[in-house]
Undergrad: 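Let me begin by handing over the structure; questions about it come next.
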Amino acid sequence: MVGGRARARPPRQLTRDPEAWPEQVSGDTAAEAVRQIALALAAALYERGLSLRAVAAGSGVNRQAIADLLAGRSWPDVATVARLADFTGACLWPPRTTAERARRH
């Protein structure tokens, strides 16, 4: 697996309270990036009134893969995020994660 053992656990499991995903901030930089992507995607779906099926059909990304990303059960790859961003017209990639900002200050 790309990322080795660091990605053996899903992103939501790298928070103090996995049940609070995606509101619960993660101290893990990669999991925090996925959390922010999930939040941005959820907001885009809500704002545009898009269903998972519509996004899957329009983006070419499997509906279950989208659901897993939103739920923090998977590590999305760059192609998946790019396709979702292109279809929704939303900027999904966070400029910097909360964990990165905290570490640098």
Undergrad: To check you understand the geometry: which heavy-atom pair defines the closest contact between Pro11 and Ser74, and what is its length?
TA: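 Pro11 and Ser74 have their closest heavy atoms at CG-O, 3.3 Å.
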Undergrad: Evaluate the side chain to side chain contact (heavy atoms under 4.5 Å, CB included) criterion for residues Leu50 and Phe87: first the C-alpha distance (whole Å), next the side-chain angles of each, then the deciding distance (0.1 Å), finally the verdict.
TA: CA-CA 11 Å; Leu50 295 168; Phe87 178 74; 4.1 Å; yes
Undergrad: Report the C-alpha distance between Val55 and Leu84 in whole Å, list the side-chain angles of each, state the deciding distance to 0.1 Å, and finish with yes or no for side chain to side chain contact (heavy atoms under 4.5 Å, CB included).
TA: CA-CA 7 Å; Val55 176; Leu84 293 169; 3.5 Å; yes
Undergrad: Where the side chain of Arg35 meets the backbone of Pro22, is there a donor-acceptor pair that is under 3.5 Å apart?
TA: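 Indeed, once roles are kept as given, a pair shorter than 3.5 Å links the two residues.
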Undergrad: Is the CZ atom of Arg73 crowded by more than 12 outside heavy atoms at less than 6.0 Å?
TA: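 Yes, the 6.0 Å shell around CZ holds more than 12 heavy atoms from other groups.
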Undergrad: Could you check if a side-chain atom of Glu19 sits within less than 4.5 angstrom of a side-chain atom of Arg12, using non-hydrogen atoms only?
TA: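 Side-chain contact under 4.5 Å: yes.
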Undergrad: If you round to the nearest 0.5 Å, how far is CD of Gln13 from CG of Asp28?
TA: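 These two atoms lie 12.5 Å from each other.
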Undergrad: Mind checking whether Val61 and Leu52 sit in one hydrophobic cluster, side chains of I, L, V, M, F, W, Y counted as touching below 4.5 Å?
TA: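 Val61 clusters together with Leu52.
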Undergrad: Test side chain to side chain contact (heavy atoms under 4.5 Å, CB included) on Leu70 and Leu45 and set out the steps.
TA: CA-CA 11 Å; Leu70 291 169; Leu45 298 181; 4.0 Å; yes
Undergrad: Write down the atom of Gly72, the atom of Pro10, and the distance for their closest heavy-atom approach.
TA: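 The pair with the smallest heavy-atom distance is O-CB, 3.4 Å.
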Undergrad: Following the transitive rule for hydrophobic clusters with a side-chain heavy-atom cut-off under 4.5 Å over Ile, Leu, Val, Met, Phe, Trp and Tyr, establish whether Trp75 and Leu69 coincide in one cluster.
TA: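 No.
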Undergrad: Nearest 0.5 angstrom please: Ser26 OG to Asp17 CG, how far?
TA: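 Those atoms lie 12.0 Å apart.
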Undergrad: Roughly how far, to the nearest 0.5 Å, is the CG atom of Leu14 from the CZ atom of Arg9?
TA: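 Nearest 0.5 Å value for the CZ-CG distance: 5.0 Å.
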Undergrad: Calculate, to the nearest 0.5 Å, the distance between atoms CG and OG1 belonging to Leu41 and Thr80 respectively.
TA: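 Rounded to the nearest 0.5 Å, the CG-OG1 separation comes out at 11.0 Å.
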Undergrad: Once you round to the nearest 0.5 Å, how far does CG of Asp86 lie from CZ of Arg83?
TA: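 Atom-to-atom, Asp86:CG and Arg83:CZ are 10.0 Å apart.
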